[in-house]
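This report refers to the structure that appears directly beneath it.
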Amino acid sequence: MRLLGSLLKNPIPKQIEYYSRFSPSPLSIKQFLDFGRENACEKTSFMFLRKELPVRLANTMREVNLLPDNLLSRPSVQLVQTWYMQSFLELLEFQSKGPEDARVLDDFLESLVNIRNRHNDVVPTMAQGVIEYKEKYGFDPFISSNIQYFLDRFYTNRISFRMLINQHTLLFGGDTNPAHPKHIGSIDPNCNVADVVKDAFETAKMLCEQYYTGSPDVEINEFNAKAPTKPIQVVYIPSHLFHMLFELFKNSMRATVELHEGRMEGYPPIKALVTLGKEDLSIKISDKGGGVPLRKIERLFNYMYSTAPSPSLEPSRAAPLAGFGYGLPISRLYARYFQGDLKLYSMEGLGTDAVIYLKALSSESFERLPVFNKSAWRHYQTSPEADDWSNPSSEPRDASKYKANR
């Protein structure tokens, strides 16, 4: 721990500086699948991860130091930094060890489980740090832009970090889920999309009914352009897809119930449409919850703009329908992680369509990873510039003042 403390005081420890020189190596879902299915070798995985995991950690740790000092000094942010440094140091212990010793492989597996558990609360803890910062220093558009840029990259890095750890522990840790014996690690080679849609809806419905008197139903339809008579399946990580869909259903239910509560005709159903083309697999969730004004759409993905009341970090019996306001931005990161996307199309007064786009082919689903380089560094150094588009004034001008004298 003494070494950990001295490293945290050093602006850029040599080990972090060294590993941050390497760019992460993005993998495709097909590569994950092929390795796990055909020639899963624990020694090979060990050799890859003992270098790749420190590289991914170092890249994001270098970027943390570019945040404003007032944010870095928040206790929650310092706690997250401590977790990352501790995990980084534990991984470095395996750099000089070989995979031939079975005890080394067992120790490595145990370390990965400990690291994963240590990082379980990174998202809410970092969110708490942002809240602490905003409460003390207020909202600054330029600082907000940098925090948005950083958190998108930071949380994407975390998603990728957990993906690598989960694949190794599931393949070699003997903790395969008996309910899903055909999964390759966390990947389902034949993920039935409609089934995940139903699971996410039912979970959101159960949560909604804990908070309100009822919940809307769902109508699910499929359109398979590649094989019209077959259900739509994809090689994907069901937990990632569930995370995105659960968030969208939760938002749709909340909006629908709050708009239509007390009406005799009940709640209009939420509609889910799953489509498969040559390149894209798309899932559209449509509600009649009243919609969102256009000017507020992008705010829904902004970490600094959350309007939800700050939840407690203490565990509670029931998860809230509104948490830190991070559900949508992190769901979009899950979609983008393997080259997809998540977009909202809203018509104020009526409702919202949310569309998840995924790659139809696992060979095209490559990890989208942040890289610490000069371009990233410059993003934090650029000073705010004057807007080069006109802004509407708060008070409309009286055009009668400008009438020509006749």
Side-chain angles (χ1 to χ4, degrees), residues 28-30 32-33 177 179-184 186-209 215-257 266-289 291 327-328 331-347 350-366:
S28 70
I29 292 180
K30 187 176 187 303
F32 278 115
L33 193 68
N177 188 343
H180 304 288
K182 294 184 179 179
H183 284 198
I184 308 299
S186 58
I187 300 170
D188 185 350
N190 302 292
C191 179
N192 187 304
V193 179
D195 285 349
V196 182
V197 171
K198 289 172 192 169
D199 288 346
F201 174 81
E202 291 299 331
T203 307
K205 180 184 176 75
M206 186 172 60
L207 188 62
C208 184
E209 289 176 348
S215 63
D217 291 326
V218 68
E219 296 176 2
I220 303 174
N221 289 293
E222 292 184 82
F223 183 81
N224 189 338
K226 294 176 78 174
T229 60
K230 294 183 179 179
I232 294 175
Q233 295 183 330
V234 66
V235 183
Y236 206 69
I237 302 88
S239 60
H240 289 193
L241 184 54
F242 179 91
H243 183 108
M244 294 180 261
L245 288 165
F246 172 70
E247 181 63 29
L248 296 181
F249 278 129
K250 194 174 62 169
N251 292 342
S252 288
M253 287 182 183
R254 185 180 175 202
T256 302
V257 170
Y267 305 121
I270 295 170
K271 297 183 179 181
L273 176 63
V274 183
T275 68
L276 178 63
K278 290 181 180 179
E279 291 188 26
D280 295 342
L281 186 153
S282 310
I283 309 165
K284 181 170 73 170
I285 309 296
S286 304
D287 67 58
K288 291 187 177 177
L328 274 176
S331 293
R332 184 168 69 174
L333 296 183
Y334 272 108
R336 290 179 171 178
Y337 173 47
F338 281 117
Q339 306 297 328
D341 209 346
L342 189 159
K343 292 184 179 292
L344 296 183
Y345 305 96
S346 195
M347 300 180 74
L350 179 62
T352 301
D353 289 353
V355 185
I356 297 170
Y357 297 99
L358 307 177
K359 289 290 184 184
L361 301 176
S362 61
S363 57
E364 294 180 358
S365 302
F366 275 90

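For the atom pair CG of L342 and CG of L328, the computed distance is 7.0 Å after rounding to the nearest 0.5 Å. Here S365 contributes atom OG and F32 contributes atom CZ; the two are 11.5 Å apart, rounded to the nearest 0.5 Å. K343 contributes atom NZ, which lies 15.0 Å from atom OG of S346 (distance to the nearest 0.5 angstrom). With rounding to the nearest 0.5 angstrom, the NZ atom of K284 is 13.5 Å from the CG atom of L248. The distance from atom CD1 of I232 to atom OG1 of T275, rounded to the nearest 0.5 Å, is 6.0 Å. Atom CD1 of I184 sits about 12.5 Å away from atom CD1 of I237, to the nearest 0.5 Å.
Using a 4.5 Å heavy-atom threshold, the side chains of R332 and D341 count as touching. Within the 4.5 Å cutoff, side-chain heavy atoms of I270 are placed close to those of M253. At least one side-chain heavy atom of P216 sits less than 4.5 Å from a side-chain heavy atom of V257. Residues F249 and T203 form no side-chain contact, since every pair of their non-hydrogen atoms from C-beta on lies 4.5 Å or further apart. Contact annotation: the side chain of K198 approaches that of I220 to within less than 4.5 Å [non-hydrogen atoms, C-beta and beyond]. Between L33 and V235 there is a side-chain heavy-atom pair separated by less than 4.5 Å. Here the side chains of V218 and K271 are not in contact, with every heavy-atom distance at 4.5 Å or above. Looking at heavy atoms from C-beta onward, I283 lies out of side-chain contact with V355 at the 4.5 angstrom threshold.
Distance alone, capped at 3.5 Å, is enough to place a donor-acceptor pair between the D287 side chain and the T352 backbone. With Q339 contributing its side chain and F366 its backbone, the two residues share a donor-acceptor pair below 3.5 Å.
Residue K205 qualifies as enclosed at atom NZ: its count of foreign heavy atoms under 6.0 Å is above 12. The 12-atom threshold is exceeded at NZ of K226, counting heavy atoms of other residues, nucleotides or ligands nearer than 6.0 Å. Residue-environment remark: CZ (F223) stays at or below the threshold of 12 foreign heavy atoms within 6.0 Å.
Residue P268 comes nearest to K288 through the heavy atom pair CG-CB, 4.0 Å, listed as atom of the first residue, atom of the second, then distance. Between Y236 and Y334, the shortest heavy-atom distance links the atoms OH-O, 3.7 Å. Residues S331 and H243 come closest through the heavy atom pair OG-CD2, 3.6 Å. When all heavy atoms of C191 and P238 are compared, the closest pair comes out as SG-CG, 4.3 Å. The shortest non-hydrogen separation linking C208 to S215 is SG-CB, 3.8 Å. When all heavy atoms of K230 and N224 are compared, the pair lying nearest together is O-ND2, 3.2 Å.
Relative orientation of the H240 and Y337 rings is tilted, given thresholds of 30° and 60° on the angle between their planes.
The one candidate from L344, D353, L245, L273 that meets the side chain to side chain contact (heavy atoms under 4.5 Å, CB included) condition with I285 is L245.
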Verdict with supporting geometry, L358 and L241, side-chain contact (heavy atoms from CB on, under 4.5 Å): CA-CA 10 Å; L358 307 177; L241 184 54; 4.1 Å; yes

